Amino acid sequence: MPRLSFLLPALLLALSACSGQQAPRPATLLPEQPAHADFDALRVHYNLLPTLAMNESVARDYGVERKPDRALLVVALRQRVGDEEQSIAGEVSATATDLSGKRQSVALRPVQVGSYTDLIGVVDAHPNDQLRVELQVETPAGRGKVRFERGF
């Protein structure tokens with residue numbers, strides 16, 4: 001029996017060393033995803049951000065209520081002329097889908113930002129949501145489909 005009492009702790013120690021897990025390593029930064037897409041002469045800028053990330057004056061200017069379970073979708077349509085971008089009117093339909101498959105149609109409305117006009121819409125976005133957004137864009141300068149994801 002004394003021999004067995006010595007063998008059991010040694011066996012447990014040996015098994016604990018064989019956990020099979022990799023040693024921790026430092027996190028690697030992922031490259032930032034582009035926030036625009038080009039279709040011919042059309043450039044579509046887009047972003048989806050929590051409304052609480054907006055400061056009060058911007059929220060007021062946009063007419064958006066800051067809430068913890070809401071995100072703001074911003075779409076800017078620009079026509080590329082050389083190295084310049086000019087605001088261009090067009091049609092945009094937007095949908096947002098969470099990982100459970102719940103789909104939201106996003107109503108976009110124009111807002112004036114300096115000399116540019118952007119389109120904005122509010123989306124339900126709860127903490128830990130991952131939303132997939134799809135934009136269907138059509139303008140005289142080009143048309144296309146944009147897909148992107150954002151986590152909250």
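These figures come from a predicted structure and were not determined experimentally.
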How about [X] and [Y]: do any of their side-chain heavy atoms sit closer than 4.5 Å?
X	Y	result
V44	L77	yes
N47	R150	yes
L131	T97	no
Q130	E149	yes
L73	V122	no
R147	R132	no
N128	F152	no
K102	D124	yes

Checklist entry - Would you call E85-R43 a salt bridge at under 4.0 Å N-O? => result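 So E85 pairs with R43 through a salt bridge.
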Next on the checklist: Let's go through V81 and Q86 carefully: what are the C-alpha distance in whole Å and the side-chain angles of both, what is the deciding distance for side-chain contact (heavy atoms from CB on, under 4.5 Å) to 0.1 Å, and is it a yes or a no?
Outcome noted: CA-CA 7 Å; V81 181; Q86 301 170 350; 3.9 Å; yes
Where [X] and [Y] come nearest, the two heavy atoms and their spacing:
X	Y	answer
L52	P68	CD1-CA, 3.5 Å
T95	S105	CG2-CA, 4.3 Å
A37	Y46	N-CE2, 4.0 Å
L48	A71	CD1-CB, 3.8 Å
L42	G142	CD2-O, 3.4 Å

Keeping [X] on the side-chain end and [Y] on the backbone end, is there a donor-acceptor pair under 3.5 Å?
X	Y	result
R66	M54	yes
T139	A89	no
E56	R60	no
R80	D40	yes

Inspect the surroundings of [atom1] in [X] and state if more than 12 heavy atoms from other residues, nucleotides or ligands are less than 6.0 Å away.
X	atom1	result
Q136	CD	yes
R109	CZ	yes
E84	CD	no
R143	CZ	no

Tell me whether [Y] is reachable from [X] by hopping between hydrophobic residues (I, L, V, M, F, W, Y) whose side-chain heavy atoms are closer than 4.5 Å.
X	Y	answer
I88	F39	yes
L135	I120	no
V75	V146	yes

Checklist entry - Given H45 and R78, is the side-chain contact (heavy atoms from CB on, under 4.5 Å) satisfied, shown in steps? => result CA-CA 8 Å; H45 295 273; R78 304 291 186 258; 3.8 Å; yes
Item to check | Audit row: T117, V111, side-chain contact (heavy atoms from CB on, under 4.5 Å) steps and yes/no | outcome: CA-CA 6 Å; T117 300; V111 293; over 6 Å; no
Look up atom [atom1] in [X] and atom [atom2] in [Y], then write down how far apart they are to the nearest 0.5 Å.
X	Y	atom1	atom2	value
S93	L108	OG	CG	8.5 Å
D69	D129	CG	CG	9.5 Å
L72	L49	CG	CG	5.5 Å

